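Just follow the structure's listing: the first ligand is 1, and inside any ligand the first atom is 1. Values in this document were obtained by computation on a predicted structure and should not be read as measured data.
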Amino acid sequence: MKNVLVIHYSQSGQLTEILDNLTLPLSSDDEINITHYTIEMEKEFPFPWNKSAFFNAFPESFLQIPAAIKAPSNTILEKQYDLIILGYQVWYLSPSIPVNSFLKSTFAKQIFKSTPVITVIGARNMWVKAQEKMKVLLSDLEANLVGNIALVDRNINHVSVVTIVHWMFSGEKTKYLGIFPKPGVSESEIKNASKFGNVIKQSLKNKNFNNLQDELLKLDAVEIRPFLVEMDKKANKMFKIWSNFIINKKNSREFWLKVFNVYLWVAIWLISPIVFILHLLKYPFIATKIAKENALYKKL
Ligand SMILES: Cc1cc2nc3c(=O)[nH]c(=O)nc-3n(C[C@H](O)[C@H](O)[C@H](O)COP(=O)(O)O)c2cc1C
């Protein structure tokens with residue numbers, strides 16, 4: 001019998017759906033026992049979001065400052081697992097506060113040590129640097145990252161910004177104004193996530209995860225878009241300055257978060273199109289370097 005622990009947190013239920021489909025081939029196998037653990041916060045984040053809560057989550061998300069979570073049950077903590085499937089979403093270019101809080105808790109220390117882990121990301125489209133942060137969190141727990149799957153919104157960047165704002169602030173994963181595409185990961189990709197479960201099951205049964213990431217990549221588990229990686233890197237530099245500045249502003253935090261809101265709007269709608277044009281112009285000269293680097297992000 002193989003024991004698998006599926007850990008996740010999801011506000012809209014998107015990540016829950018992804019993981020439910022992904023684990024279908026495992027849950028239908030008599031020799032595999034799946035335990036589910038949903039991370040619960042002591043103080044829950046609102047969904048749908050309001051503007052002030054959304055921006056208020058920025059400094060702690062980016063600086064990866066943990067918040068209090070409810071303790072998992074002893075039944076979850078006492079078992080030994082052959083595999084952990086960890087679903088997470090990205091908040092402000094970092095693993096979301098609930099997932100970061102769990103991974104920095106004493107509970108995670110108990111569960112993750114020397115255990116193979118597959119990360120499953122359900123994000124808008126900017127997750128590459130968050131996964132680098134995830135690698136550090138997992139290495140601190142002495143866990144073994146053996147696979148990564150990243151499911152994202154495949155629409156062009158600015159369209160996905162408009163549609164995710166509609167989704168996050170209305171709570172409805174619907175077509176904004178009836179003309180925009182639906183936000184988030186597409187229904188067909190969510191449904192097809194079971195294809196990953198099949199190769200994961202093989203590795204689990206063979207007790208060999210060495211080739212798992214290569215097998216997952218053959219199934220398009222990860223797509224790297226060079227422009228998004230460049231934006232991710234640039235935004236990380238700016239977010240570092242903003243978050244360290246705002247975290248110290250105890251009395252004027254609300255004001256500075258409003259300024260950050262304006263900055264973010266300018267960065268997305270005015271600066272990023274310029275960066276995109278520059279990216280296209282310099283691309284032919286740095287294509288080989290980018291290709292090499294992006295190949296690394298696909299691996300573990
Ligand atoms: C506060 C906040 C910040 C987010 N920041 C990012 C981000 O930096 N990159 C990204 O790709 N998605 C980002 N997203 C989208 C989430 O990763 C995720 O796709 C969405 O919240 C749905 O997740 P759910 O399963 O919890 O409902 C953000 C969402 C929220 C609420």
Under a 4.0 Å threshold between the charged nitrogen and the carboxylate oxygen, would K282 count as salt-bridged to E230?
yes
Is it true that a side-chain atom of D153 and a backbone atom of N155 form a donor plus acceptor pair closer than 3.5 Å?
yes
Taking the six-membered ring of F45 as reference, does the cationic atom of K43 (NZ for Lys, CZ for Arg) lie under 6.0 Å from its centre and within 45° of its axis?
no
Per-atom contacts of ligand 1 with R124, taking only distances under 4.0 Å to non-hydrogen atoms:
10 (C), 11 (O), 12 (N), 19 (O)
Below 4.0 angstrom, N of the basic side chain to O of the carboxylate: do K191 and E17 qualify?
no
Could you tell me whether E215 and K218 make a salt bridge, using a distance below 4.0 angstrom between a side-chain N and a carboxylate O?
yes
Check for me whether I121 has a heavy atom closer than 4.0 Å to any atom of ligand 1.
no
Can a salt bridge be assigned to the pair E187 and K182 using a cut-off of 4.0 Å between side-chain N and carboxylate O?
yes
Could you tell me, atom by atom, which parts of ligand 1 come under 4.0 Å of a heavy atom of S12?
24 (P), 25 (O), 27 (O)
Taking the basic N atoms (NZ, or NE/NH1/NH2) and the acidic carboxylate oxygens, is any pair closer than 4.0 Å for K135 and E132?
yes
Determine, using heavy atoms of G184 and all atoms of ligand 1, whether some pair is separated by less than 4.0 Å.
no
Ring-ring centroid check F260 F239, cutoff 6.0 Å:
yes
Atom indices of ligand 1 within 4.0 angstrom of W49 heavy atoms, with elements
31 (C)
Which atoms from ligand 1 have a heavy atom of L93 less than 4.0 Å away?
7 (C), 8 (O)
Of the side chain and backbone of F58, name the one, both, or neither that has a heavy atom under 4.0 Å from an atom of ligand 1.
neither
Can you tell me which residue and heavy atom of the protein come closest to atom 23 (O) of ligand 1, and the distance to 0.1 Å?
Q89 CB, 4.1 Å
Check ligand 1 against W167 and write out every atom of the ligand that is under 4.0 Å from a heavy-atom position of the residue.
22 (C)
Short N or O distance, F54 and ligand 1, threshold 3.5 Å exclusive:
no
W91 and W49: aromatic ring centres closer than 6.0 Å?
yes
With a cut-off of 4.0 Å, which atoms of ligand 1 are near a heavy atom of S10?
24 (P), 25 (O), 26 (O), 27 (O)
Heavy-atom distances under 4.0 Å are what count here, so tell me which part of V152 touches ligand 1: side chain, backbone, both or neither.
neither
F47 near ligand 1 by a heavy-atom separation under 4.0 Å
no
